[in-house]
Enquirer: 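First, the structure itself, so that you have it in front of you.
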Amino acid sequence: MTKILILLMAALFSMTGCLNTAAAETVSTNKNVSDGQGNGKNSIVLTLKATYKGFQAPTGIAADKDGNLYVSNWSGGTVTKVDTKGNHSVFADSMGSPAGLAFDKAGRLYISDYSEDVIYRVTPGGKKSIFARGFHTPTGIAFSHSGELLVTNRGSNEIVKVDASGKVKPTAGGMRTPVGVAEDSDGNLYVTNYGGGIIKVAADGTASTVSDEFGRPGVGIGINDQKIIFAADNGDGCVRTLAADGTTEIAVDNIGGCVAVPVHANTLYVGSWNDGAVYAYTIGTK
């Protein structure tokens with residue numbers, strides 16, 4: 001019964017938040033964006049460079065070393081590959097509710113399956129196998145700098161790490177329905193909580209709430225090379241940047257069902273459940 005309730009709550013991603021999806025083209029300019037360490041940076045300008053459509057509740061987004069894009073179809077049980085020419089193909093299928101995506105250094109794609117409580121690993125050639133088991137509605141995932149896979153256990157309110165052999169170990173508890181995680185260059189973890197707020201887990205394990213300025217954080221959180229933190233605000237239908245003092249600014253507005261927000265090669269990708277689309281923005285400064 002608990003799993004059914006969790007799945008029903010997650011399905012609300014596509015029905016809540018801003019419904020004005022036509023304005024996804026609108027891009028804001030952030031003033032004095034912080035690098036996450038309290039140091040002011042130049043204003044950033046996000047420019048829409050591509051729109052990819054035809055997905056089924058896009059929840060996880062990742063790019064490989066060649067620039068191909070991979071999108072998890074949460075309600076379709078598949079992962080779609082979009083090559084550099086924009087062609088779509090099914091890269092992995094026969095899954096329950098694929099959510100988070102992350103590549104390792106060997107080019108293998110890892111997929112968290114929200115409803116089957118497993119992590120899949122898929123080779124560049126498309127061979128899929130179970131990498132690790134025993135999770136509790138795993139959602140957002142990311143690799144740490146040490147090579148361990150970080151997994152948000154949405155159902156048990158914790159972050160766990162998985163080593164190369166598939167062994168799972170607890171990392172941080174006491175979250176508020178965690179759905180997204182990213183690590184900065186200093187080893188701090190930033191966690192988006194669907195139950196509210198962004199929590200920072202310091203390298204020493206100390207956890208603290210960084211910001212409550214979100215309507216409802218989504219799965220996506222990413223940090224670019226300039227240490228600017230981008231996080232999905234599913235409740236307010238936008239992407240926000242997060243400063244060290246917890247203040248936020250809207251980077252992209254009017255994204256209905258905003259969920260996935262990774263950063264790759266100076267590009268911000270934003271997944272919209274309401275549109276069934278992924279928007280790609282070039283990150284610039286002025």
Enquirer: Given side chains that start at C-beta, do those of Asn68 and Thr84 come closer than 4.5 Å, heavy atoms only?
Expert: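 Heavy-atom side-chain distance check passes, below 4.5 Å.
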Enquirer: Please step through side-chain contact (heavy atoms from CB on, under 4.5 Å) for the pair Ile119 and Val151, ending with a clear verdict.
Expert: CA-CA 9 Å; Ile119 303 292; Val151 180; 4.3 Å; yes
Enquirer: According to a hydrophobic-cluster definition based on side-chain heavy atoms being under 4.5 Å apart (Ile, Leu, Val, Met, Phe, Trp, Tyr only), do Val160 and Met175 belong together?
Expert: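 In one cluster: no.
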Enquirer: Closest approach of Asp186 and Ala203, non-hydrogen atoms and distance?
Expert: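 Looks like O-CB, 4.1 Å.
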Enquirer: Tell me whether Ile221 is reachable from Val191 by hopping between hydrophobic residues (I, L, V, M, F, W, Y) whose side-chain heavy atoms are closer than 4.5 Å.
Expert: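 They do not share one cluster, since no chain of ILVMFWY contacts under 4.5 Å joins Val191 to Ile221.
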Enquirer: Would you say the side-chain atoms of Asp184 pair up with the backbone N or O of Gly187, donor to acceptor, closer than 3.5 Å?
Expert: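 Answer holds: yes.
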Enquirer: Closer than 3.5 angstrom, by distance alone: can the side chain of Asn224 be matched with the main-chain N or O of Gln226 as a donor-acceptor pair?
Expert: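 It does hold such a pair.
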Enquirer: Evaluate Trp273 against Ser75 for side chain to side chain donor-acceptor pair (under 3.5 Å), listing each step before the verdict.
Expert: CA-CA 10 Å; Trp273 270 37; Ser75 61; over 6 Å; no
Enquirer: Could you grab the distance from atom CD of Glu116 to atom CZ of Phe135, nearest 0.5 Å is fine?
Expert: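 Nearest 0.5 Å value for the CD-CZ distance: 13.0 Å.
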Enquirer: Counting N and O atoms only, with roles assigned by atom type, does the side chain of Ser211 sit under 3.5 Å from a partner on the main chain of Glu213, one being a donor and the other an acceptor?
Expert: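 Pair found, side chain donor or acceptor close to backbone of Glu213.
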Enquirer: Using side-chain heavy atoms (C-beta onward) and a distance below 4.5 Å, is Ile61 in contact with Val278?
Expert: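 A side-chain contact under 4.5 Å exists here.
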Enquirer: Can you list everything that forms a salt bridge (Lys or Arg N to Asp or Glu O under 4.0 Å) with Arg176? Sequence neighbours excluded, please.
Expert: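 Counting only residues at least two positions away or on another chain, Arg176 forms a salt bridge (Lys or Arg N to Asp or Glu O under 4.0 Å) with Asp212.
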Enquirer: For Glu183, what residues pass the side chain to side chain contact (heavy atoms under 4.5 Å, CB included) criterion, not counting sequence neighbours?
Expert: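 Once residues adjacent in sequence are excluded, the partners of Glu183 under the side chain to side chain contact (heavy atoms under 4.5 Å, CB included) criterion are Ser144, His145, Leu150, Leu189.
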Enquirer: Can you tell if the side chain of Thr209 reaches within under 4.5 Å of the side chain of Asn193, non-hydrogen atoms only?
Expert: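 Thr209 vs Asn193: side chains apart.
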Enquirer: Taking atom CG as the centre, does Asp225 end up with more than 12 heavy-atom neighbours from other residues, nucleotides or ligands that are less than 6.0 angstrom away?
Expert: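 Check fails, neighbour count at 12 or below.
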Enquirer: Assess the residue pair Ile141 and Leu149 against the criterion (side-chain contact (heavy atoms from CB on, under 4.5 Å)); give the C-alpha distance rounded to whole Å, side-chain angles, the decisive distance to 0.1 Å, and a yes or no.
Expert: CA-CA 7 Å; Ile141 61 176; Leu149 186 66; 4.2 Å; yes
Enquirer: Hey, does Phe103 have a side-chain heavy atom less than 4.5 Å from the side chain of Val122?
Expert: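 A side-chain contact under 4.5 Å is absent here.
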Enquirer: Do Phe143 and Lys105 come within less than 4.5 Å of each other through their side chains, counting heavy atoms only?
Expert: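 Phe143 does not reach Lys105 side chain to side chain.
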Enquirer: Under 3.5 Å, which donor-acceptor pairs do the side chains of residues 123-130 form with other protein atoms, sequence neighbours left out?
Expert:
residue: Thr123; atom: OG1; partner: Gly125; partner atom: N; Å: 3.4
residue: Thr123; atom: OG1; partner: Gly126; partner atom: N; Å: 3.4
residue: Thr123; atom: OG1; partner: Lys127; partner atom: N; Å: 3.1

Enquirer: Are side-chain heavy atoms of Ile229 and Thr241 found at a separation under 4.5 Å?
Expert: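 No, every pair of side-chain atoms sits at 4.5 Å or beyond.
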Enquirer: Taking it one step at a time, do Asp163 and Ser165 satisfy side chain to side chain donor-acceptor pair (under 3.5 Å)?
Expert: CA-CA 5 Å; Asp163 65 19; Ser165 69; 2.7 Å; yes
Enquirer: State whether a side-chain donor-acceptor pair under 3.5 Å links Thr248 with Arg240.
Expert: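 The criterion, which ignores hydrogens and geometry beyond distance, is satisfied for Arg240 and Thr248.
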Enquirer: With a 3.5 Å distance limit and no angle check, can you tell me whether Asp233 reaches the backbone of Gly235 through a side-chain donor-acceptor pair?
Expert: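 Between the backbone of Gly235 and the side chain of Asp233 there is a qualifying donor-acceptor contact (under 3.5 Å).
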Enquirer: Please report the closest heavy-atom contact between Ser97 and Asp113, naming both atoms and the distance.
Expert: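 Of all heavy-atom pairs spanning Ser97 and Asp113, the closest is N-OD1, 3.0 Å.
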Enquirer: So which heavy atom on Thr152 is nearest to which on Pro178, and how close?
Expert: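 For Thr152 versus Pro178, the nearest heavy atoms are CB-O, 3.7 Å.
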Enquirer: When Ile, Leu, Val, Met, Phe, Trp and Tyr are grouped by side-chain heavy atoms lying under 4.5 Å apart, directly or through other members, which residues fall in the same group as Val90?
Expert: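 Answer for Val90: none, a lone residue.
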Enquirer: Taking salt bridge (Lys or Arg N to Asp or Glu O under 4.0 Å) as the test, write out the residues that go with Asp104, two or more places apart.
Expert: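 Result, salt bridge (Lys or Arg N to Asp or Glu O under 4.0 Å) vs Asp104: Arg108.
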Enquirer: Do Ile159 and Val210 share a hydrophobic cluster, counting only Ile, Leu, Val, Met, Phe, Trp and Tyr and linking them when any side-chain heavy atoms are less than 4.5 Å apart?
Expert: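 Ile159 and Val210: separate clusters.
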Enquirer: Got a second to check how far Ile255's CD1 is from Asn234's CG, nearest 0.5 Å?
Expert: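 So the gap between those two atoms works out to 12.0 Å.
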Enquirer: Can you list the steps and then say if Val45 with Thr282 is a side-chain contact (heavy atoms from CB on, under 4.5 Å)?
Expert: CA-CA 8 Å; Val45 179; Thr282 299; over 6 Å; no
Enquirer: If you round to the nearest 0.5 Å, how far is CD1 of Ile283 from NZ of Lys49?
Expert: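 Going from the NZ atom of Lys49 to the CD1 atom of Ile283 covers 9.5 Å.
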Enquirer: Is it true that the side chains of Thr206 and Asp204 contain a donor and an acceptor less than 3.5 Å apart?
Expert: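 Per modelled atom types, Thr206 and Asp204 side chains form a pair under 3.5 Å.
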Enquirer: Calculate, to the nearest 0.5 Å, the distance between atoms CG and CG belonging to Leu101 and Asp64 respectively.
Expert: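 Reported value, rounded in 0.5 Å steps: 12.0 Å.
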Enquirer: Can you tell me how far the CG atom of Leu242 sits from the OG1 atom of Thr192, to the nearest 0.5 Å?
Expert: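 Rounded to the nearest 0.5 Å, the CG-OG1 separation comes to 11.0 Å.
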Enquirer: Do Arg216 and Tyr194 have side-chain atoms, one donor and one acceptor, less than 3.5 Å apart?
Expert: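 Indeed, the side chains of Arg216 and Tyr194 share at least one donor-acceptor pair under 3.5 Å.
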Enquirer: Centre-to-centre under 6.0 Å for Tyr269 and Tyr281, is that the case here?
Expert: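 Tyr269 vs Tyr281: aromatic centres not under 6.0 Å.
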Enquirer: Taking all non-hydrogen atoms of both residues, which atom of Cys258 and which atom of Val270 are closest, and how far apart?
Expert: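 Closest approach of Cys258 to Val270, heavy atoms only: SG-CG1, 3.9 Å.
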Enquirer: Just so I know, are the side chains of Glu148 and Lys169 near enough to count as touching, which here means a heavy-atom distance under 4.5 Å?
Expert: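 In short, these two side chains touch, coming nearer than 4.5 Å.
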Enquirer: Could you grab the distance from atom OG1 of Thr78 to atom CD of Gln56, nearest 0.5 Å is fine?
Expert: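 So the gap between those two atoms works out to 6.0 Å.
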Enquirer: Assess the side chains of Thr80 and Asn73: does a donor N or O sit below 3.5 Å from an acceptor N or O?
Expert: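 Distance-only check passes for Thr80 and Asn73.
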Enquirer: Would Val261 and Leu46 show up in the same hydrophobic cluster when neighbours are defined by side-chain heavy atoms closer than 4.5 Å?
Expert: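 Looking at the clustering, Leu46 is in the same group as Val261.
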Enquirer: Taking side chain as C-beta onward, heavy atoms only, is Val79 less than 4.5 Å from Val71?
Expert: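 Sidechains of Val71 and Val79: no contact.
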Enquirer: Under the ring pair (Phe, Tyr, Trp, His ring centres under 6.0 Å) definition, can you give me all pairs with a residue in residues 47-66, not counting sequence neighbours?
Expert: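 Every ring pair (Phe, Tyr, Trp, His ring centres under 6.0 Å) pair that includes a residue of residues 47-66, provided the two are not neighbours, is Phe55-His88.
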Enquirer: Can you hop from Val181 to Val179 via hydrophobic side chains spaced under 4.5 Å?
Expert: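 Per the 4.5 Å side-chain linkage, Val181 and Val179 are not co-clustered.
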Enquirer: Might you point out which heavy atoms bring Pro170 and Glu158 nearest each other, and give the distance in Å?
Expert: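 Reported closest heavy-atom pair: CB-OE1, 4.4 Å.
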Enquirer: For Phe131 and Tyr120, I'd like to know if the aromatic rings sit close, meaning centre-to-centre distance below 6.0 Å.
Expert: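 Not close enough - the centres of the two rings lie 6.0 Å or further apart.
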Enquirer: What pair of heavy atoms forms the shortest contact from Pro138 to Ser112, and how long is it?
Expert: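 Shortest heavy-atom separation between Pro138 and Ser112 comes out as O-OG, 3.7 Å.
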Enquirer: Go through the steps to decide whether Ile111 and Met95 satisfy the test side-chain contact (heavy atoms from CB on, under 4.5 Å), and finish with yes or no.
Expert: CA-CA 10 Å; Ile111 308 166; Met95 290 173 284; 3.9 Å; yes
Enquirer: Kindly say whether Gly256 contributes a backbone atom to a donor-acceptor pair with the side chain of Ser272 at under 3.5 angstrom?
Expert: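 Judged by distance alone, yes, a pair lies under 3.5 Å.
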